[in-house]
Amino acid sequence: MLMNLVKNAEESMAKGGGALHVRVRGSEQEAVVEVQDSGPGIPPEHRARIFEPYFTTKDGGTGLGLAIAARILQEHGGKLDVGGEPGQGACFTLSLPREQS
């Protein structure tokens, strides 16, 4: 999942370059990984659909990467969210609950 998010970020910045940041943080309840890029961002009309299977805006894309990543996280009690402003990059946040002992 993380490699898919990093690859997507790199591809979104391919033409003009940019910055990619991966941050990890956590609490007693969850572990969080953020993948943020300085690409063009995700238009509001696409945000509601980017986790749907087969939805893609990439030439030659399958539209399965984000859908599969979100589903895997969900099956483990986690979630995948997207943030950021169009024109200012995107930030994907992976959240997974920590095992309670």
Side-chain angles (χ1 to χ4, degrees):
M1 284 179 283
L2 185 57
M3 290 304 297
N4 184 49
L5 294 175
V6 168
K7 180 177 169 263
N8 285 351
E10 288 176 333
E11 289 173 357
S12 78
M13 300 182 299
K15 293 178 183 155
L20 172 64
H21 300 277
V22 178
R23 290 182 287 281
V24 179
R25 60 186 165 83
S27 66
E28 289 184 23
Q29 292 79 28
E30 67 181 355
V32 177
V33 179
E34 295 176 336
V35 178
Q36 184 174 15
D37 66 63
S38 61
I42 300 168
E45 64 271 16
H46 293 166
R47 285 184 188 230
R49 300 196 60 210
I50 62 170
F51 299 118
E52 289 179 13
Y54 307 110
F55 176 78
T56 185
T57 59
K58 292 184 196 177
D59 289 337
T62 64
L64 292 174
L66 290 175
I68 290 171
R71 176 85 182 251
I72 290 169
L73 281 167
Q74 187 178 36
E75 289 175 2
H76 290 279
K79 62 183 177 177
L80 180 59
D81 293 311
V82 63
E85 294 297 322
Q88 298 179 13
C91 183
F92 285 85
T93 304
L94 289 116
S95 304
L96 278 169
R98 291 187 180 259
E99 184 176 16
Q100 301 298 314
S101 44

Exercise: identify the closest heavy-atom pair between [X] and [Y]:
{"X": "Leu73", "Y": "Ser95", "result": "CD2-O, 4.2 Å"}
{"X": "Asn8", "Y": "Lys58", "result": "OD1-NZ, 2.8 Å"}
{"X": "Ala9", "Y": "Val35", "result": "CB-CG1, 4.4 Å"}
{"X": "Leu66", "Y": "Ile50", "result": "CB-O, 3.6 Å"}
{"X": "Pro40", "Y": "Ser12", "result": "CD-O, 3.2 Å"}
{"X": "Ala69", "Y": "Met1", "result": "O-SD, 3.4 Å"}

Atom pair [atom1] ([X]) and [atom2] ([Y]), whose distance is rounded to the nearest 0.5 Å:
{"X": "His21", "Y": "Asp37", "atom1": "NE2", "atom2": "CG", "answer": "9.5 Å"}
{"X": "Leu94", "Y": "Glu30", "atom1": "CG", "atom2": "CD", "answer": "11.0 Å"}
{"X": "Gln74", "Y": "His76", "atom1": "CD", "atom2": "NE2", "answer": "11.0 Å"}
{"X": "Phe92", "Y": "Ile42", "atom1": "CZ", "atom2": "CD1", "answer": "3.5 Å"}

Would a single hydrophobic cluster contain both [Y] and [X], if residues Ile, Leu, Val, Met, Phe, Trp and Tyr are joined by side-chain heavy-atom contacts under 4.5 Å?
{"X": "Val32", "Y": "Val22", "result": "no"}
{"X": "Val6", "Y": "Phe51", "result": "yes"}
{"X": "Val82", "Y": "Leu80", "result": "yes"}

Considering residues at least two apart in sequence or located in another chain, which fulfil the side chain to side chain contact (heavy atoms under 4.5 Å, CB included) criterion with Gln88? Glu85
So do the side chains of [X] and [Y] get within less than 4.5 Å of each other, counting heavy atoms only?
{"X": "Glu34", "Y": "Thr93", "answer": "yes"}
{"X": "Glu45", "Y": "Pro86", "answer": "no"}
{"X": "Thr62", "Y": "Thr56", "answer": "no"}

Quick check against the 3.5 Å criterion: does Ser38 have a side-chain atom that pairs as donor or acceptor with the backbone of Ala19? yes
More than 12 heavy atoms from other groups under 6.0 Å of CD on Glu52: yes
Residues in ring pair (Phe, Tyr, Trp, His ring centres under 6.0 Å) contact with His46, at least two apart in sequence or another chain: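 Partners of His46 by the ring pair (Phe, Tyr, Trp, His ring centres under 6.0 Å) criterion, ordered by chain and then number, come out as Phe55.
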Met3 and Lys7: CA distance, side-chain angles, deciding distance, side chain to side chain contact (heavy atoms under 4.5 Å, CB included) verdict: CA-CA 6 Å; Met3 290 304 297; Lys7 180 177 169 263; over 6 Å; no
Got a sec, which residues hit salt bridge (charged side-chain N to carboxylate O under 4.0 Å, His left out) with Arg98, two or more places apart in sequence or on another chain? none
